[in-house]
Amino acid sequence: MSTDDPVDPPPPAQRSLWRHHDFRQLWMGDTVSVFGNQFVLFALPLIAVQLLAADAFEMGLLAALENAAFLLISLPAGAWVDRMRKKRVIVAGDLVRAALLLTIPLAWALDLLTMIQLFVIAAGVGVVTVFFDVANQSYLPEIVAGDQIGDGNGKLQASQQTASVVGPSAASGLVGLIGGPLTIGITSICMALSSLFVSRIRHREDPPQPDSRPSLVGDIREGLAFVLGHPLLRRIVACTGLSNFASSAVFALLVLYALRTLNLNQFQLGLVMSLGAVGGIVGALSSSWVQKVVGEGRSITVSATLSGIATLAVPLASVLPALPTLLIGWLVLSWCVVVYNVAQVSFRQRLCPKPLLGRMNASIRFLVWGPMPIGAFLGGTLAHTIGIVPALWIFAAVSILAALPVLLSPLTGMRTLPCELDALADSTTP
């Protein structure tokens, strides 16, 4: 070969996301925000019970209002987010949630706090969170390269799982020290700080062009059509939706099952949940390694299958030593769920063209979160009719069956995502 022949330059070394300015700002903002969410999840029910003497119906209504928006407005939210600059939606979402939450300590200080206000705040924060989550999940592919999306999602998941471990303990100490309302006040500060970090992102989004877009209904239809018409996304949605349906039933019964059927105390139940969150952290940190060893597509099927099997530990705790069985099962289950989520979220982000990301994420959120309140309601109804343990066996079996849509799909033999399916294959690091 002639020495004059051109030689292809070596590919540029991929820089660490920790050295990526925009990702650092997104990660710091997300980390502060998820810690604030943990404080809200812990303190808001305590305020309702301890300060406002809420009954069981009011507590159920409060919990329903927190998540109702995901079922009611996820689809139009996705279409709206795709018409907006996602950075602005994230920043505005944090600021609005901070303002809403701040009304709780103010009303408490003036002796005006009521359950009606908590209902309104829970519903309002839920609505804002829908827009925030859709924009936040759709923004990562805007600021990092396509082949760094999995790494970025893993780092974001690590923060979320760390918050799940540390957040409840920190919130418990803070509530004991300064009370629930002031803890919510601290949370509003966290939300405002999150918006500050995200506002420092330098990436400039392409301005939306609403004049060239179809109607809002057309946008929603386009997002749903993409998800339901894509053979791989359709199977991922079916798996996730069935899994969420079953897990919501299990979670709805877990506290009653642990305390009354297994005779565990609150400390032991807290230990199970904390260790589960540790498993989630390990899952977030090991997800990239799992995808490299097992493969991108296969990691979805493997983690989904193991997740279903691990759910059997919950009813098995009624016939085996309860605490060790739950501890091991919850640890493995949490690891599998996070590995699955990192893999499938990264996979679907790469399958989707950027202009459709918001509607795709909103459509999937609607389809996979919609079954959750249904599962929780059926879990309680079935347990009331046939007993808690038989109901848990039934929903554990459903969890195993939930893996079939991805297990019996091309994902099982797909080590990497083929370039012809990768809508972000040509994206480069900004």
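- With rounding to the nearest 0.5 Å, the separation of CD1 in Ile104 from CD1 in Ile47 is 5.5 Å.
- Here the closest heavy-atom approach between residue Val398 and residue Ala246 is recorded as CG1-CB, 3.9 Å.
- The heavy-atom pair separating Ile236 from Ile300 by the smallest distance is CD1-CD1, 4.2 Å.
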For residues 308-326, which side-chain donor-acceptor pairs fall under 3.5 Å, sequence neighbours excluded?
from: Thr311; atom 1: OG1; to: Ser307; atom 2: O; distance (Å): 2.9
from: Ser318; atom 1: OG; to: Pro315; atom 2: O; distance (Å): 2.6
from: Thr325; atom 1: OG1; to: Pro321; atom 2: O; distance (Å): 2.6

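- For Ser286, the side chain to side chain donor-acceptor pair (under 3.5 Å) partners two or more places apart in sequence, or in a different chain, are Trp335.
- The shortest heavy-atom contact between Ser299 and Ala343 is OG-CB, 3.5 Å.
- Counting only residues at least two apart or on different chains, the side-chain hydrogen bond (donor to acceptor under 3.5 Å, both in side chains) pairs with a member in residues 120-132 are Arg97-Thr129.
- Between Val339 and Leu306, every side-chain heavy-atom pair lies at or beyond the 4.5 Å cut-off.
- Counting only heavy atoms from C-beta outward, the side chains of Val338 and Val342 approach each other to under 4.5 Å.
- With sequence neighbours excluded, no residue forms a side chain to side chain donor-acceptor pair (under 3.5 Å) with Trp393.
- Separating the CG atom in Leu392 from the OH atom in Tyr257 is a distance of 6.0 Å, to the nearest 0.5 Å.
- Among Val125, Val96, Asn37, the one residue that satisfies the side-chain contact (heavy atoms from CB on, under 4.5 Å) test with Met191 is Asn37.
- Applying the side chain to side chain donor-acceptor pair (under 3.5 Å) criterion to Tyr340, with sequence neighbours excluded, gives Thr240.
- Judged as a side chain to side chain donor-acceptor pair (under 3.5 Å), and not counting sequence neighbours, the contacts of Arg200 are Gln25.
- Summarising the geometry of Ser243 relative to Ala402, their closest heavy-atom pair is N-CB, 3.6 Å, with the distance given to 0.1 Å.
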